[in-house]
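Note that the coordinates shown come from a computational prediction; the quantities given were computed from them, not determined experimentally.
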Amino acid sequence: MSVSLTFRLATPEDYPALLDIQRRAYLLKEAPLYGDDLPPLKETPATLAAEVADGKQILLAECDGRVAGSLRFKPLDDGAIYWCRLSVDPDLQGNGIGQRLVAEVESRHPNALGFVLDCGKHSDENRHIYTKAGYRETGEGFQVPGGPYVLVMRKDKA
């Protein structure tokens, strides 16, 4: 089933809805792998506001006027765009919304030198999806304070 989506940048009024989706998505997919004490499960509207004040933007996908998913992104010093916290409403997963959010961020940055993300070491399903989308593991990684060890993945411009 294909769903009709519109994309826009989030406003503070969107934070409760996107945090609800993020919590439900992470509880479904990531908490079974890493436990239910993950940083994405602890975020609040205030922590989102602080990230935005620090240069991140939040892209929303909307379906029929309601938030269907989101991801955060920001430019890096090397000319790449870093994105994270891809979350899709569990009721709508399997409709390509996550792939379309990633494609939207990529299309909004035609001059980026590449795109970077981090992915939990044990998140095999996500790593497979990102690999199919052209991302490769860089061999780098780091321990998230209070979270899992994550691997860095990158997609360079062709």
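L41 and Y149 are members of different hydrophobic clusters when ILVMFWY side chains are connected at heavy-atom separations under 4.5 Å.
In this structure, the separation between CG on L76 and CZ on F115 is 11.0 Å, given to the nearest 0.5 Å. How far CG of L151 is from CD of E137: 5.0 Å, rounded to the nearest 0.5 Å. With rounding to the nearest 0.5 Å, the separation of CZ in F7 from OG in S107 is 8.5 Å. Taking CG from L59 and CG from L101, the interatomic distance works out to 5.5 Å, rounded to the nearest 0.5 Å. With rounding to the nearest 0.5 Å, the separation of CG in L117 from CZ in R85 is 12.5 Å. Rounding to the nearest 0.5 Å places CG of L28 at 15.5 Å from CZ of R23.
Under the 6.0 Å cut-off for aromatic ring centres, F73 and H109 qualify, their centroids lying closer than that.
Inter-residue side-chain proximity for H122 and P32 is flagged as unmet; no heavy-atom pair is nearer than 4.5 Å. Counting heavy atoms from C-beta outward, L92 and R66 have side chains that approach closer than 4.5 Å. The shortest side-chain heavy-atom distance between I81 and V116 does not fall under the 4.5 Å cut-off. Side-chain atoms of R8 and D14, non-hydrogen and from C-beta on, do get closer than 4.5 Å to each other. Side-chain atoms of D89 and R24, non-hydrogen and from C-beta on, do get closer than 4.5 Å to each other. Within the 4.5 Å cutoff, the side chain of L38 has heavy atoms near those of the P148 side chain. Using a 4.5 Å heavy-atom threshold, the side chains of V102 and V105 count as separate.
Between K56 and D54, none of the side-chain N atoms (NZ, or NE/NH1/NH2) sits under 4.0 Å from a carboxylate O, so this pair counts as no salt bridge. Using a cutoff of 4.0 Å between basic side-chain nitrogens and carboxylate oxygens, R72 and E43 are scored as salt-bridged. Checked for salt-bridge contact, R108 and E104 meet the test: a charged N lies under 4.0 Å from a carboxylate O.
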### Task
Decide yes or no on salt bridge (charged side-chain N to carboxylate O under 4.0 Å, His left out) for D78 and R154, but give the supporting numbers first.
CA-CA 12 Å; D78 71 356; R154 184 176 181 104; 3.2 Å; yes
### Message
Does R136 form a side chain to side chain contact (heavy atoms under 4.5 Å, CB included) with D156? I'd like the steps, not just the answer.
### Response
CA-CA 9 Å; R136 62 173 173 72; D156 289 314; 3.1 Å; yes
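Heavy-atom contacts from other residues, nucleotides or ligands closer than 6.0 Å to CG of D64 number 12 or fewer. More than 12 heavy-atom neighbours from other residues, nucleotides or ligands sit within 6.0 angstrom of CD on Q93.
Annotation for L19: hydrophobic cluster partners, listed by chain and number, are Y15, L18, I21, L48, V52, I58, L60, V67 (ILVMFWY side-chain heavy atoms under 4.5 Å, direct or chained).
Side chain of E62 to main chain of A68: no donor-acceptor pair is present (N/O by atom type, distance under 3.5 Å, no hydrogens or angles). Side-chain N or O atoms of N95 include none that pairs as donor or acceptor with a backbone N or O of I97 at under 3.5 Å.
The two residues M153 and C119 make their nearest non-hydrogen contact at SD-CB, 4.2 Å.
Legend: side chain to side chain donor-acceptor pair (under 3.5 Å) pairs involving residues 25-36, not counting sequence neighbours, sorted by first then second residue: K29-E125, E30-S123, E30-N126, Y34-S123.
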Exercise answer: donor-acceptor pairs, residues 128-135 side-chain atoms, under 3.5 Å, sequence neighbours excluded:
{"residue": "T131", "atom": "OG1", "partner": "R127", "partner atom": "O", "Å": "2.8"}
{"residue": "Y135", "atom": "OH", "partner": "W83", "partner atom": "NE1", "Å": "3.0"}
{"residue": "Y135", "atom": "OH", "partner": "E106", "partner atom": "OE2", "Å": "2.6"}

